[in-house]
**Student:** 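Just dropping this structure here.
Throughout, numbering of the chain's residues begins at 1 and tracks the sequence.
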Amino acid sequence: MADINLLENLLSPTIEKLGFDVVRIMTIGIKNPTLQIMIERKDHTPLIVDDCALVSRAISEILDEQDPIDGEYSLEVSSPGLDRPLTKLEHFERFAGYETKIETKIEVNGRKRFKGRIINVDSQQQIRFAMEGEEYIIPYTSVSKAKLILNDELLAEAEAAQFEE
């Protein structure tokens, strides 16, 4: 598959012009690979199927024209979902207070896995994180993987947002 940074640079401008932000671009599988592109609306209102179809058509044209990926693959454009990945520093800022799982590349205070709540992000791009009555300072550059935890709070918020439409 193609280089993810190359794909992000190639596709993000078009996605952003359409009113969306890229949450994550990744490839899944080897034998029958899928190029997965997670998007969200810039105004953070819920994504609908037509949004995904619009983005899919627009980037399919670019992918066909530029041909940055060797071989056959499937394209999937989707919402990040409620238990969304946190892939950018602004995601940690936006979801402060939410229950989250974080994995780090290096040990922070003797551990690499965290499950708790984001307190905030400081001016040094460090994530203040509360877990089991302790506070941890996790450098953003050390995060390898993070996602919100699906819980009643998140479900209630999503349900409330649905009724606002």
**Student:** Does some side-chain heavy atom of R113 sit less than 4.5 Å from a side-chain heavy atom of K101?
**Tutor:** no
**Student:** Under a 4.5 Å side-chain heavy-atom rule over Ile, Leu, Val, Met, Phe, Trp and Tyr, are M38 and L54 clustered together?
**Tutor:** no
**Student:** Say whether I4 and I39 are linked into one hydrophobic cluster, either directly or through other cluster members, by side-chain heavy-atom distances under 4.5 angstrom.
**Tutor:** yes
**Student:** Could you check whether R117 pairs with E153 (Lys NZ or Arg NE/NH1/NH2 to Asp/Glu carboxylate O, under 4.0 Å)?
**Tutor:** yes
**Student:** Determine, using the 4.5 Å side-chain heavy-atom cutoff (strictly less than), whether I119 and F92 are members of one ILVMFWY cluster.
**Tutor:** no
**Student:** Can you confirm whether I102 sits close enough to Y136 that some side-chain heavy atom of one is under 4.5 Å from a side-chain heavy atom of the other?
**Tutor:** no
**Student:** Could you go through the side-chain contact (heavy atoms from CB on, under 4.5 Å) check for E157 and L82 one step at a time?
**Tutor:** CA-CA 10 Å; E157 188 176 298; L82 294 178; over 6 Å; no
**Student:** So if you build clusters from Ile, Leu, Val, Met, Phe, Trp, Tyr with side-chain heavy-atom gaps below 4.5 Å, do L75 and L18 land together?
**Tutor:** yes
**Student:** Does K145 use its side chain to pair, donor to acceptor, with the backbone of P85 at less than 3.5 Å?
**Tutor:** no
**Student:** As a quick check of understanding, evaluate side-chain contact (heavy atoms from CB on, under 4.5 Å) for Y73 and T34, giving each step before the final call.
**Tutor:** CA-CA 5 Å; Y73 62 94; T34 297; over 6 Å; no
**Student:** If you measure from CG on L150 to CG on L155, what distance do you get to the nearest 0.5 Å?
**Tutor:** 4.5 Å
**Student:** Could you grab the distance from atom CZ of R57 to atom CD1 of I62, nearest 0.5 Å is fine?
**Tutor:** 13.5 Å
**Student:** Looking only at heavy atoms, which two atoms of T100 and K147 are closest? And how far apart?
**Tutor:** CG2-O, 3.2 Å
**Student:** Within the 4.5 Å heavy-atom criterion, are I106 and P139 side-chain neighbours or not?
**Tutor:** no
**Student:** Honestly curious: do L89 and V143 fall in one hydrophobic cluster under the side-chain, below-4.5 Å linking rule?
**Tutor:** yes
**Student:** Closest heavy-atom contact between T104 and R111?
**Tutor:** OG1-O, 3.9 Å
**Student:** Set out, in order, the CA-CA distance, both residues' side-chain angles and the distance that settles side-chain contact (heavy atoms from CB on, under 4.5 Å) for I15 and I37, then state yes or no.
**Tutor:** CA-CA 10 Å; I15 293 169; I37 301 174; 4.1 Å; yes
**Student:** Using a 3.5 Å distance criterion without hydrogens, assess whether the side chain of D64 forms a donor-acceptor pair with backbone atoms of E61.
**Tutor:** no
**Student:** At what distance, to the nearest 0.5 angstrom, does CG of L35 lie from CG of L63?
**Tutor:** 6.5 Å
**Student:** Is the NZ atom of K42 crowded by more than 12 outside heavy atoms at less than 6.0 Å?
**Tutor:** yes
**Student:** Flag yes if more than 12 heavy atoms outside D152 fall under 6.0 Å of its CG atom; otherwise flag no.
**Tutor:** no
**Student:** Looking at CD of E134 and CG of N109, how far apart are the two atoms once the value is rounded to the nearest 0.5 Å?
**Tutor:** 8.5 Å
**Student:** Provide the closest heavy-atom pair for F114 versus V108 in the form atom of the first, atom of the second, distance.
**Tutor:** CZ-O, 3.6 Å
**Student:** In the structure I gave you, are the side-chain heavy atoms of Y140 and V121 within less than 4.5 Å of one another anywhere?
**Tutor:** no
**Student:** S79 and C52: which non-hydrogen atoms are nearest, and at how many Å?
**Tutor:** N-SG, 4.3 Å
**Student:** So how far is it from K17 NZ to S12 OG, rounded to the nearest 0.5 Å?
**Tutor:** 12.0 Å
**Student:** Would you call K115 and E132 a side-chain contact if the rule is heavy atoms closer than 4.5 Å?
**Tutor:** no
**Student:** Can you confirm whether more than 12 heavy atoms, excluding those of R94, are under 6.0 Å from its CZ atom?
**Tutor:** yes
**Student:** Contact between L47 and E40 at the side-chain level, heavy atoms closer than 4.5 Å - yes or no?
**Tutor:** no
**Student:** In Å and rounded to the nearest 0.5 Å, what is the CG to OH distance from L154 to Y98?
**Tutor:** 6.5 Å
**Student:** Does any non-hydrogen side-chain atom of I69 lie less than 4.5 Å from one of T27?
**Tutor:** no
